[in-house]
There are 2 protein chains.
Amino acid sequence: MLTLSTPPAYAASMPSRVAARPRSRAPRKPAGRYHHGDLRNALLQAAVATIDREGVEALTLRGVGETLGVSRTALYRHFRDKTSLLEAVAAQGFRTLRADLTCAWESGGAGIAAFTAMGRAYVRFAVTHPSHYRVMFGAFRPQGTCDDDLKAAGAGAFQALVDALAAQQSAGAIRRDPLQTQAGYVWAVVHGVAMLAIDRQLGPDPSAGNALADYAVEALVTGLEARLL
Amino acid sequence: MLTLSTPPAYAASMPSRVAARPRSRAPRKPAGRYHHGDLRNALLQAAVATIDREGVEALTLRGVGETLGVSRTALYRHFRDKTSLLEAVAAQGFRTLRADLTCAWESGGAGIAAFTAMGRAYVRFAVTHPSHYRVMFGAFRPQGTCDDDLKAAGAGAFQALVDALAAQQSAGAIRRDPLQTQAGYVWAVVHGVAMLAIDRQLGPDPSAGNALADYAVEALVTGLEARLL
DNA sequence: ACCTGAACACCGTTCAAGT
DNA sequence: ACCTGAACACCGTTCAAGT
C-alpha cells in the first residue's frame, strides 16, 4: 500500500522560496527496478480511487504515476491517452453497477418489489460514487468516440434493466409496451434522479436523491401498471 | 492559507490543428483603443457561442479574448475566474430554458396538452444546445460552490414547472401529491431523457431523445393521473 | 517489452506597468 | 477604471534513449 508522498507539486501561488527549495531531485528508483506487476490494472484502480476521492478534475497522469512510484509516461504503455484511461474507468463503473442491479433484483425475489429495489440500488450507486458515475456518462468524452469495451459494459448494465422489465411483462405486471422504449424510459427516470441528486439540484444533501427515488419509482410503476387496472 | 485554485484541466491536448493555426501574432490593437462596449456581455456571448459550437473543452480564456480582439487577461476585469464565467453561461442557459418552457405552456393552452408540450420543449432545448445544457448541470463545477445568480436562474426554470403542476392539481387533472416532490420527479424524467440523448446513450442520433420524450411524457402523465381513474 | 527523462505546446492566473 | 504583456506553475503528449 503506497501512501502518496503528500504535497506533490500542486501548491500553487507559493513565492520564490519554493523555487529555491532543493526540489528533492528525482526519487531515483533503484536502477533496474520496474513495476512488473499488473501495471495496467494498478493504474486503473489508482485512477478510480482519485476520481472517487477528489473528482475527475483532480486526476492527472503525472499524479497517478507518482502514486504508483512510476514515471509519468509509463501509462502510455497501457493506455492510448488520458481519454482512454477514463473510458476504462467508465467501463469498470458500468460493470459494478450491473452487479449491484442484478444483486438487488435477485435478492429481491424478481417481483415488482425487486424492481423497486433495483431502482433504489441504481440511485444509491450514483450517490455513493458521484464522480465515478459522472465519468460513466461522459461529460468529458470527445463527442461520439467510445471504445467497444465501454460500449459493451454500458449495454450490459442496460440489459439488466431490460431483463427485469421483460420478466415483469411476461408476468402481466406491467404494460406490454415495446421493451427497448420502455426500458429507455425507466432508465431515464432513475438516471435523472441520480443526476439531479449528484448536482445538488435537490438541495445540499445528495441523499435527497434517495428520498426522491422512492417517490419516483412508485410513480413510475403506477404509470406502467395503469392500463392494467 | 493555501487557497487551492480550482484545477481546470479539461482541454486535453489540443491536437496539431491548433498548433498549426496561424497564431496571428498579437493583433496589436491601435494603441489606446480599448473595447469600451459592454465587454462583460461580449465575453459571455462569445463563450456561449464557442461552447455551443465546439463544446466546453474547447473554451479557453485566451481564445475568447482573441475572438474579441482583446488581451487574454482582460476577462479578469469582469469575471473572477474561468469557473465564474461558466457559471454566468449556465445562468443564461437557465433563463433561456425558462422562457422556452413558459412559452410552450402558455401557447399550449395551459392544459394537459400544454404540459406535454412543455416536456417536449425541455428535451428539445437540451438536444439543440447539448454543450450549453451540460454546462448548466455543472459536471465541471468545483463541488458545491454556486453563485447566487446561477442559483436563482435555476430555481426560476424549476418554478415554471412547479407552476404548471400546481395548475394541473387545481384543475383536478393529476394526483395531489406534495408539489416539490412531484415537480422533482417530473424534472428528473425530462432531465434523464435529455441527458441520455445528449450522451448518445440512446443511439447515434441525438434526436432519438425526442422520440423517447414522447413515450416518457405519456407514461409520466399516465402515472400522475392514475389514482384519479 | 517496458520504462525513463527531457522537451514541446498548450493552459489559467498573477502582477507590475501602461493609458 | 480598464487593459496589456511578460512571467509562473501546471498540464498531456512525444520521442530518443536506456534496461
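First the proteins, then the strands, lettered A, B, ... as listed; each starts at 1.
Interface remark: the B:T73 side chain does form a donor-acceptor pair with the D:dG5 base, using a distance-only criterion of under 3.5 Å. With hydrogens and angles ignored, no donor-acceptor pair closer than 3.5 Å exists between the side chain of A:R72 and the base of C:dG5.
For the pair A:E57 CD and C:dG12 P, the computed distance is 15 Å after rounding to whole Å. A straight line from CG of A:L61 to P of C:dC3 spans 15 Å, rounded to a whole angstrom. Atom NZ of B:K82 is separated from atom P of C:dT14 by 14 Å (rounded to the nearest Å). Look at CG on B:L59: it is 11 Å from P on C:dC11, rounded to the nearest Å. Rounded to whole Å, atom C1' of D:dG5 lies 14 Å from atom OH of B:Y76. Rounded to an integer number of Å, the gap from B:R62 CZ to D:dG5 P is 13 Å. One atom, CG of B:D81, and another, C1' of C:dT14, lie 13 Å apart when rounded to the nearest Å. Atom P of nucleotide D:dT14 and atom CZ of A:F79 are separated by 16 Å, given to the nearest angstrom.
Stem list for DNA chain D (at least 3 consecutive Watson-Crick or G-U pairs, distances under 3.5 Å): C:4-8 with D:12-16, C:12-16 with D:4-8.
Ion pair A:R95/A:D100 not flagged as a salt bridge, since none of the NZ, NE, NH1 or NH2 atoms sits closer than 4.0 Å to an Asp/Glu carboxylate oxygen.
When the side-chain nitrogen and oxygen atoms of B:H78 are compared with OP1 and OP2 of D:dC2, none of them lie within a distance under 4.0 Å.
Note that the CD atom of A:Q180 and the CH2 atom of A:W187 stand 10.5 Å from one another [nearest 0.5 Å]. The distance from atom CZ of B:R40 to atom CG of B:L75, rounded to the nearest 0.5 Å, is 9.5 Å. A distance of 6.0 Å separates CG of B:L59 from CG of B:L85, quoted to the nearest 0.5 Å. Rounding to the nearest 0.5 angstrom, the gap separating the CD1 atom in B:I51 from the CG atom in B:L86 is 5.5 Å. Separation of atoms CZ (A:R134) and CZ (B:F137) is listed at 11.5 Å; rounding is to 0.5 Å.
For A:T60, counting side-chain heavy atoms from C-beta on, the closest listed nucleotide (D:dC11, D:dT4, C:dG5) is D:dC11.
Mapping B:R77 and B:R80 onto DNA chain C by nearest heavy atom places B:R80 at the nucleotide closer to the 5' end.
For B:T60 (side chain) and B:G63 (main-chain N/O), a donor-acceptor pair under 3.5 Å exists by modelled atom type.
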